[in-house]
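Data block below; observations after.
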Amino acid sequence: MKIQYFQDTDTLYIELKPVEVSETKDLDEDTLLDLDRNGNICGITIEHASKLTDIPHFTFEQIAA
């Protein structure tokens with residue numbers, strides 16, 4: 001998984017798995033879902049990310065099974 005924030009366009013991209021994108025669907029006017037050939041979500045794009053998310057306070061935590 002890879003998360004990228006493009007400050008110049010205020011765009012957040014979350015790549016869930018590195019596969020070829022077959023289709024992109026609009027979830028709403030600021031959110032796009034990338035789908036693989038099986039229809040599974042493989043990426044999420046969020047436009048105007050600084051207004052819709054808490055970018056400066058991003059954390060990652062993996063919880064043991």
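Worth knowing before you read on, the calculation uses all heavy atoms, side chains too, and leaves out hydrogens, waters and symmetry mates.
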Correct closest heavy-atom pair for Ile55 and Tyr5 would be CD1-CD1, 3.8 Å
Contacts of Asp30 meeting side-chain hydrogen bond (donor to acceptor under 3.5 Å, both in side chains) (sequence neighbours excluded), chain-then-number -> none
All heavy atoms of Ala49 vs all of Thr53, minimum pair found to be O-OG1, 2.6 Å
Do other residues, nucleotides or ligands put more than 12 heavy atoms under 6.0 Å from the CD atom of Glu29?
no
Checklist line | Single-linkage hydrophobic cluster, 4.5 Å side-chain cutoff, Phe6 and Phe58 together | finding: no
Notebook entry, point to check: More than 12 heavy atoms of other residues, nucleotides or ligands under 6.0 Å from CD of Glu20: is that the case?
Noted result: no
Under 3.5 Å donor-acceptor pairs involving side-chain atoms of residues 32-44, not counting sequence neighbours:
from	atom 1	to	atom 2	distance (Å)
Asp34	OD1	Thr24	OG1	2.8
Asp34	OD2	Tyr13	OH	3.1
Asp36	OD1	Asn38	N	2.9
Asp36	OD1	Gly39	N	3.1
Asp36	OD1	Asn40	N	2.9
Asp36	OD2	Lys17	NZ	3.2

Are Ile14 and Leu52 joined in one hydrophobic group, where the rule is that I, L, V, M, F, W and Y side chains link up if heavy atoms are under 4.5 Å apart? yes
In terms of heavy-atom contacts, Glu47 and Thr11 come closest through OE1-OG1, 2.9 Å
Quiz item: Linking I/L/V/M/F/W/Y whenever their side-chain heavy atoms sit closer than 4.5 Å, directly or via other members, would Ile3 and Leu27 fall into one cluster?
Solution: yes
Rounding to 0.5 Å, atoms CG (Leu12) and CD (Gln7) come to a distance of 12.5 Å
So side-chain hydrogen bond (donor to acceptor under 3.5 Å, both in side chains) across residues 54-65, not counting sequence neighbours, yields Asp54-His57
